[in-house]
Amino acid sequence: MILKNCPVRVPLRLTEVPIASRNQLRFQELGLRVGTQATIAQHAGYGGLILNVAGSRIAIDHNSAKLIQAEVIS
């Protein structure tokens, strides 16, 4: 499911991160890559998200939140 539609405060695993090549390195530096475990802390204004990744909070814009795929970890 797309990251934008994932539930809040539920453990997730990123399964697809199809970001433009000009932004790809920055996303990897932030820890946003396939296999990363994350939790949505809150839905931010204008469709963005705040993610908890490895103890850090990362803001994701709405366009990226519509592209990134994740699955719920049970």
Side-chain angles (χ1 to χ4, degrees):
M1 92 178 67
I2 63 171
L3 192 60
K4 181 180 166 109
N5 295 337
C6 289
V8 177
R9 293 183 203 78
V10 174
L12 304 169
R13 180 177 297 115
L14 302 183
T15 57
E16 193 175 335
V17 186
I19 301 301
S21 59
R22 67 179 180 271
N23 299 327
Q24 208 165 31
L25 178 61
R26 182 64 181 144
F27 270 64
Q28 290 176 353
E29 289 172 342
L30 292 171
L32 298 174
R33 58 180 76 91
V34 173
T36 295
Q37 293 184 11
T39 305
I40 296 176
Q42 70 185 60
H43 290 275
Y46 303 104
L49 301 171
I50 306 295
L51 286 180
N52 285 333
V53 177
S56 297
R57 293 171 55 96
I58 301 170
I60 304 293
D61 67 287
H62 70 281
N63 288 328
S64 298
K66 291 190 291 187
L67 294 174
I68 298 172
Q69 297 284 327
E71 64 185 6
V72 174
I73 301 172
S74 41

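Just the heavy atoms: all of them, side chains too, but no hydrogens, waters or symmetry mates, feed the values below. Position 1 is the first residue of the sequence; numbering continues from there.
In this structure, V34 and T36 have side chains that are not in contact, with every pair of non-hydrogen atoms separated by 4.5 Å or more. Between F27 and I68, some side-chain heavy-atom pair lies under the 4.5 Å cut-off. Within the 4.5 Å cutoff, no side-chain heavy atoms of T39 are placed close to those of L51.
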Apply side-chain contact (heavy atoms from CB on, under 4.5 Å) to the pair L32 and L14, showing each step before the final yes or no. CA-CA 8 Å; L32 298 174; L14 302 183; 4.0 Å; yes
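In this structure, the side chain to side chain contact (heavy atoms under 4.5 Å, CB included) partners of I2, at least two apart in sequence or on a different chain, are K4, N5, Q69. With sequence neighbours excluded, the residues that form a side chain to side chain contact (heavy atoms under 4.5 Å, CB included) with V72 are M1, P7, V10, L12. Shown here are the salt bridge (Lys or Arg N to Asp or Glu O under 4.0 Å) partners of E16, two or more places apart in sequence or in another chain: there are none. For A41, the side chain to side chain contact (heavy atoms under 4.5 Å, CB included) partners at least two apart in sequence or on another chain are I50, N52, R57.
Taking NE2 from H62 and CG from L49, the interatomic distance works out to 11.0 Å, rounded to the nearest 0.5 Å.
Counting only residues at least two apart or on different chains, the salt bridge (charged side-chain N to carboxylate O under 4.0 Å, His left out) pairs with a member in residues 65-74 are R13-E71. Pairs passing the salt bridge (charged side-chain N to carboxylate O under 4.0 Å, His left out) check and including a residue from residues 17-36, sequence neighbours excluded, read R26-E29.
When hydrophobic clusters are built by joining Ile, Leu, Val, Met, Phe, Trp and Tyr residues whose side-chain heavy atoms come closer than 4.5 Å, directly or via intermediates, I40 is grouped together with I19.
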